[in-house]
There are 2 protein chains.
Amino acid sequence: MFRLSRVTDYGIVILAELARHRPDDEPAELMSGAPSLNARELAERADLPLPMVSKVLKALTRAGVLESQRGTKGGYSLARDPEELTVSAMIAALEGPLALTQCSDGEAACDLEATCSVKSPWLIINRVVQNSLASITLADLTNPGFAAQHTPLAGLAQLQTLADAPAKTTSDEVR
Amino acid sequence: MFRLSRVTDYGIVILAELARHRPDDEPAELMSGAPSLNARELAERADLPLPMVSKVLKALTRAGVLESQRGTKGGYSLARDPEELTVSAMIAALEGPLALTQCSDGEAACDLEATCSVKSPWLIINRVVQNSLASITLADLTNPGFAAQHTPLAGLAQLQTLADAPAKTTSDEVR
DNA sequence: TATTTACAGGACCCATTTGGTCCTGTATTC
DNA sequence: GAATACAGGACCAAATGGGTCCTGTAAATA
C-alpha cells in the first residue's frame with residue numbers, strides 16, 4: 001500500500017526498543033534521567049545491521065528526537081517522554097516533511113487550496129492520514145493493551161464493513 | 001512523509017474527475033447508467049499525459065474499480081457509486097496489497113504477532129492508517145463541504161480529543 | 001595525558017524501482 | 001470495413017534507496 005523507506009522502518013522499531021528499555025522512569029537521576037543504549041546494543045536488540053542502525057540513530061538525533069552522549073559510556077536516549085512523541089513526528093523526523101504526493105513541490109501556489117481542484121483530493125487524504133498518525137504515540141506502540149485493541153480481526157472487520165473494496169481486503173496488512 | 005507511486009497519485013485525481021463528472025445520477029439510463037469519459041477526455045481534464053492516464057485507467061479497470069467500454073463511443077465509468085468506494089480500496093487497487101513496511105515478506109511467521117515484539121509497532125500503525133483511509137470515500141473527496149471541515153487546525157483539535165481511539169473519525173488532517 | 005569507546009558526518013556504490021512511452025491486438029460503432 | 005478506443009504488454013532512462021565504510025571529534029578512565 002504505502003511505502004516508506006527502510007530507514008523509517010528501522011527507526012520506529014529502534015524507538016520502540018528505546019521506549020521499552022525505559023524502566024518506568026527510573027529513580028530520577030539528576031537531569032539526564034533517561035537511561036541510554038548505544039548503537040551496538042540497539043542493533044543487537046532489534047537484530048538489525050549495525051551500520052544501518054547507526055545511520056538511523058544519527059538521523060533521529062539530528063531531528064531532535066533522540067539525545068546522544070559521546071564517549072566511553074555514551075549512547076542514545078529519548079529526548080522526550082514516549083507519551084509526547086507522536087508517530088507523525090517520528091516519521092516526519094525520518095522521512096522529512098514530504099507527503100503522499102508531490103503537490104507542494106516547487107511552487108507555493110498550492111496555498112490556494114480552494115482553487116486547486118485537481119490536487120484537492122490529496123490534500124484531504126493527507127490530512128486524514130496525518131491526523132490519525134498524530135493520534136498515536138510511541139507509548140501506544142509499546143503498550144500491549146493498545147495493541148490488543150487493534151487485533152487484526154477487529155481491524156479488518158472494520159475495514160471490511162467500510163470498504164466493500166474490490167476484494168483485496170485481506171491484504172490490508174502490512175507487507 | 002509517506003510516498004506512493006505517481007500512478008496512484010494520478011489515479012485518485014482521475015477517479016475524482018470521474019466522480020465529479022457524474023451528474024448526480026442522471027436520468028437512469030437502463031442498466032449502465034453511469035456516463036463515461038474516454039482516456040483522452042480524462043487526460044485533458046486532469047491535464048496529465050495521455051499515455052500515463054491510459055495506463056492508470058487500465059489498472060483501475062483490471063482492479064474492478066472502473067468499467068470500460070470499447071469501441072467508438074467507448075470510455076470508462078465508475079463500477080460503483082462514489083459513496084461506496086473508499087480511499088483505502090482505491091489505493092489498494094493501484095498499489096497492490098502492499099503496506100508500510102516489509103514485515104510479512106517471506107515467511108508467514110508473522111501470523112504470530114504476539115511473539116513478534118520487534119515488528120508490532122508497524123502492525124499497529126498500519127492498522128490505524130488503514131482504518132482512517134477506509135473511512136473516506138471517493139464521494140468525500142469531491143465534496144467541498146467535507147474538505148472545508150478539514151482545515152488543519154480543526155483536524156488537529158479533534159485528534160487530540162479522540163486520541164486513543166485511532167479508529168476512524170472520518171475527519172482528520174495530515175501532511 | 002594516553003587510550004579506548006562511541007557518536008558525527010560524510011562519500012560512495014550497486015540493485016531496484018519508477019515514470020513514462022510505444023507497439024500490437026481486439027472489440028464496438030456507424 | 002473504416003475508424004475509434006480499450007487491453008496488455010515490452011521497453012528504457014533516470015532516480016532512488018539500501019547499505020557499507022572512512023575520517024573526525026568528544027568523553028571517560030586509568
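Order of the sequence lines fixes the chain letters, A, B, ..., with proteins taken first and strands second; residue numbering starts at 1 for each chain.
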Round to the nearest Å and state the distance from B:Lys58 atom NZ to C:dG20 atom P.
-> 15 Å

Atom-pair distance (CG on B:Leu48; C1' on C:dG20), nearest Å = 12 Å

When the nearest nucleotide of DNA chain C is assigned to B:Pro51 and to A:Arg40 on a heavy-atom basis, which residue is associated with the more 5' position?
-> A:Arg40

Closest contact, heavy atoms only, A:Arg80 versus A:Val65 = NH2-CA, 3.9 Å

Using a 4.0 Å heavy-atom cut-off across all strands, classify B:Thr61 as base, sugar-phosphate, or nothing.
-> sugar-phosphate

Take atom NZ of B:Lys55 and atom P of C:dG19, then tell me their distance rounded to the nearest Å.
-> 8 Å

Specify the residue among B:Gly74 and A:Gly71 whose closest nucleotide of DNA chain D lies further upstream toward the 5′ end.
-> B:Gly74

Separation of atom CE in A:Met52 from atom C1' in C:dC7, rounded to whole Å = 17 Å

Interface limits on DNA chain D, where chain A has a heavy atom under 4.0 Å of a nucleotide atom | D:dG18 to D:dT29

Separation of C:dT21 atom C1' from B:Arg6 atom CZ, nearest Å, is 15 Å

Looking only at heavy atoms, which two atoms of B:Ser135 and B:Asp140 are closest? And how far apart?
-> O-OD2, 3.9 Å

Separation of atom CG in B:Leu57 from atom C1' in C:dT21, rounded to whole Å = 16 Å

Charged N-O contact under 4.0 Å between A:Arg40 and A:Glu44 | yes

Residue pair A:Pro121 / B:Ile12: nearest heavy atoms and the distance that separates them | CB-CG2, 3.9 Å

Short side-chain N/O contact to C:dG20 OP1/OP2 from B:Tyr10, under 4.0 Å | yes

Correct closest heavy-atom pair for B:Ser88 and B:Gln130 would be OG-OE1, 3.2 Å

Give the nucleotide from the list C:dT29, C:dG19, C:dT5 with an atom nearest to the side chain of B:Gln69.
-> C:dT29

Give, for atom CG of B:Leu78 and atom NE2 of B:His21, the distance between the pair rounded to the nearest 0.5 Å.
-> 11.0 Å

From the list A:Thr142, A:Leu66, A:Leu138, side chain to side chain contact (heavy atoms under 4.5 Å, CB included) partner of A:Leu18 resolves to A:Leu66

Protein-nucleotide distance (B:Leu94, atom CG; C:dT18, atom P), rounded to Å | 13 Å

A:Lys73 or A:Arg70: which one's nearest nucleotide on DNA chain D is closer to the 5' end?
-> A:Arg70

Separation of atom CG in A:Leu50 from atom C1' in C:dT5, rounded to whole Å = 13 Å

